[in-house]
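Beneath this line is the structure, given in structure tokens, with notes to follow.
Numbers here simply count residues along the sequence, with the first being 1.
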Amino acid sequence: MGDTPAPRFAETLVQLVLRSRHPDALLQTDDDWRALGFIAARMLFWCGGAIYACRCEGNEMRFALQVAHAPLGTMAHHISGAYAIHLRRTRGLGGIFNKHYAAIPLDEVFLDDLVLWLHRSAVPDITSPASPASAPVPRTRIWTADHAYLVPKSIPWINTDRVLISLSVGAPGPATYRRRKSEGISPEDVERFTRRSQRAPKADRASSEDSRMSAAGNATLAHRPSIETIARLVADYCEVSYDDMLTDTRRRAVSKARVIATVLAARNGATAAAAARLFGRSRSTLIEQVEHYRATQLEMFAEAEAILEALLAGERE
């Protein structure tokens with residue numbers, strides 16, 4: 001037993017940058033935006049955390065993320081892998097994303113500025129030929145989650161509460177958001193948000209910000225329960241036998257327990273494949289069952305996670 005109880009989770013704020021190898025815009029249609037929203041919501045379900053902002057411009061995607069239990073790399077892969085499949089199906093494109101993502105660590109005091117910067121308006125292309133009666137037009141369409149802050153809850157996969165609460169001192173959050181957005185972002189903040197968007201050489205990766213992210217990630221790893229521990233706690237929660245979860249029984253209560261354990265294990269850094277091996281099931285079958293319950297009984301995962309956290313906190317004290 002340590003001197004102080006472990007935190008519920010080690011939270012890390014980061015700007016995630018995904019880039020395509022192709023010069024074409026990653027998002028070109030409303031269907032692309034809807035697909036990205038579905039993919040982002042699915043990632044949050046499996047990994048936990050939160051998305052506070054999103055900007056898709058040209059061959060680049062940027063997200064303001066809160067990393068909770070699941071590693072940032074897992075969150076990035078959920079998005080890039082699924083969106084690459086979408087582009088292969090819709091445009092016949094393969095090998096879309098660069099192998100490595102870029103991550104820019106963020107101090108909490110700059111979160112609202114990052115959200116405002118990611119949701120900034122497009123810069124008009126003043127060199128584009130235009131008739132005298134027409135205004136300059138953006139070079140390409142830019143997709144952002146700005147509307148989520150103008151009409152709260154309008155984009156379900158964007159978490160606006162944290163930023164709007166911080167902006168709501170003296171005026172409603174959306175009104176302050178509009179005012180702050182019209183004022184622009186300081187050059188110093190722009191530098192802060194872009195300086196590490198390029199993948200740094202190996203020798204340069206030990207900056208103080210990177211060290212902070214690494215330390216937070218290591219703290220999370222140190223307190224993650226094993227998949228077996230999670231499965232046993234879920235068995236007690238669902239009032240089924242842990243041993244039954246390892247057999248091929250198809251009893252509904254046991255199947256539901258396997259599904260809950262799989263999701264909670266994934267949110268704590270495990271993989272669906274590891275859960276499938278533990279339970280002696282095929283990975284595809286297990287994921288199919290998870291998606292079924294995600295669509296029909298989503299609340300059961302939040303309830304189980306809250307109980308799991310309470311039990312684990314009790315064990316640490």
Side-chain angles (χ1 to χ4, degrees), residues 1-2 4-12 41-50 65-79 81 215-317:
M1 183 170 66
T4 58
R8 182 176 182 272
F9 58 77
E11 177 190 289
T12 300
R42 189 174 186 272
M43 180 278 290
L44 293 172
F45 171 77
W46 280 98
C47 300
L65 290 181
Q66 172 194 308
V67 181
H69 295 300
L72 176 61
T74 300
M75 300 174 81
H77 179 71
H78 265 275
I79 296 173
N218 290 337
T220 304
L221 282 169
H223 298 296
R224 281 180 188 154
S226 69
I227 187 171
E228 292 83 2
T229 297
I230 290 173
R232 290 182 184 278
L233 291 172
V234 169
D236 291 340
Y237 165 70
C238 293
E239 299 182 342
V240 300
S241 163
Y242 171 74
D243 292 333
D244 283 349
M245 292 173 68
L246 308 184
T247 68
D248 60 358
T249 179
R250 296 186 179 182
R251 283 175 49 213
R252 179 173 296 181
V254 176
S255 295
K256 182 183 288 190
R258 291 194 198 105
V259 162
I260 293 173
T262 298
V263 172
L264 297 188
R267 292 178 183 177
N268 281 275
T271 63
R277 288 192 295 270
L278 176 65
F279 300 135
R281 320 296 291 177
S282 78
R283 177 179 175 275
S284 59
T285 298
L286 201 54
I287 289 177
E288 245 178 58
Q289 292 174 333
V290 169
E291 292 299 328
H292 166 74
Y293 282 107
R294 182 166 82 100
T296 58
Q297 299 183 43
L298 181 62
E299 68 284 349
M300 78 179 190
F301 297 102
E303 294 170 359
E305 183 168 37
I307 291 172
L308 173 66
E309 291 294 344
L311 291 172
L312 292 174
E315 288 184 358
R316 292 171 187 143
E317 292 176 352

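- Counting heavy atoms from C-beta on, the side chains of Ile260 and Tyr237 come closer than 4.5 Å.
- Separating the CD1 atom in Ile287 from the CH2 atom in Trp46 is a distance of 5.0 Å, to the nearest 0.5 Å.
- Between Cys47 and Arg267, the shortest heavy-atom contact is C-CG, 4.0 Å.
- Within 6.0 Å of the CZ atom in Arg294, the count of heavy atoms belonging to other residues, nucleotides or ligands exceeds 12.
- Across Glu303, His292, Lys256, a single residue satisfies side chain to side chain donor-acceptor pair (under 3.5 Å) together with Gln297, and that is Lys256.
- The two residues Ala266 and Ala70 make their nearest non-hydrogen contact at O-CB, 3.9 Å.
- Every pair passing side chain to side chain donor-acceptor pair (under 3.5 Å) that includes a residue from residues 238-247 is listed here, sequence neighbours excluded: Asp244-Arg251.
- Once rounded to the nearest 0.5 Å, the distance linking OG1 of Thr271 with CD1 of Ile227 reads 7.0 Å.
- Contact record, Val240 with Ala253: CG1-CB, 3.8 Å, taken as the closest heavy-atom pair.
- Of all heavy-atom pairs between Ala231 and Leu278, the closest is CB-CD2, 4.2 Å.
- Separation of atoms CG (Leu72) and NE2 (His77) is listed at 13.0 Å; rounding is to 0.5 Å.
- Residues Phe45 and Val290 have side chains in contact (heavy-atom distance under 4.5 Å, counting atoms from C-beta outward).
- Contact check for Ile79 versus Met75: no side-chain heavy atoms found under the 4.5 Å cut-off.
- When the salt bridge (Lys or Arg N to Asp or Glu O under 4.0 Å) test is applied to Arg258, no partner is found at least two apart in sequence or on another chain.
- Using a 4.5 Å heavy-atom threshold, the side chains of Gln289 and Thr262 count as separate.
- Ala261 approaches Met245 most closely through the heavy-atom pair CB-CE, 4.1 Å.
- Residues Ile230 and Asn268 meet the side-chain proximity criterion, which asks for heavy atoms closer than 4.5 Å.
- For the side-chain contact (heavy atoms from CB on, under 4.5 Å) test with Leu264, the passing option among Ile307, Val259, Val234 is Val234; the others fail.
- When all heavy atoms of Arg250 and Ser255 are compared, the closest pair comes out as O-OG, 3.7 Å.
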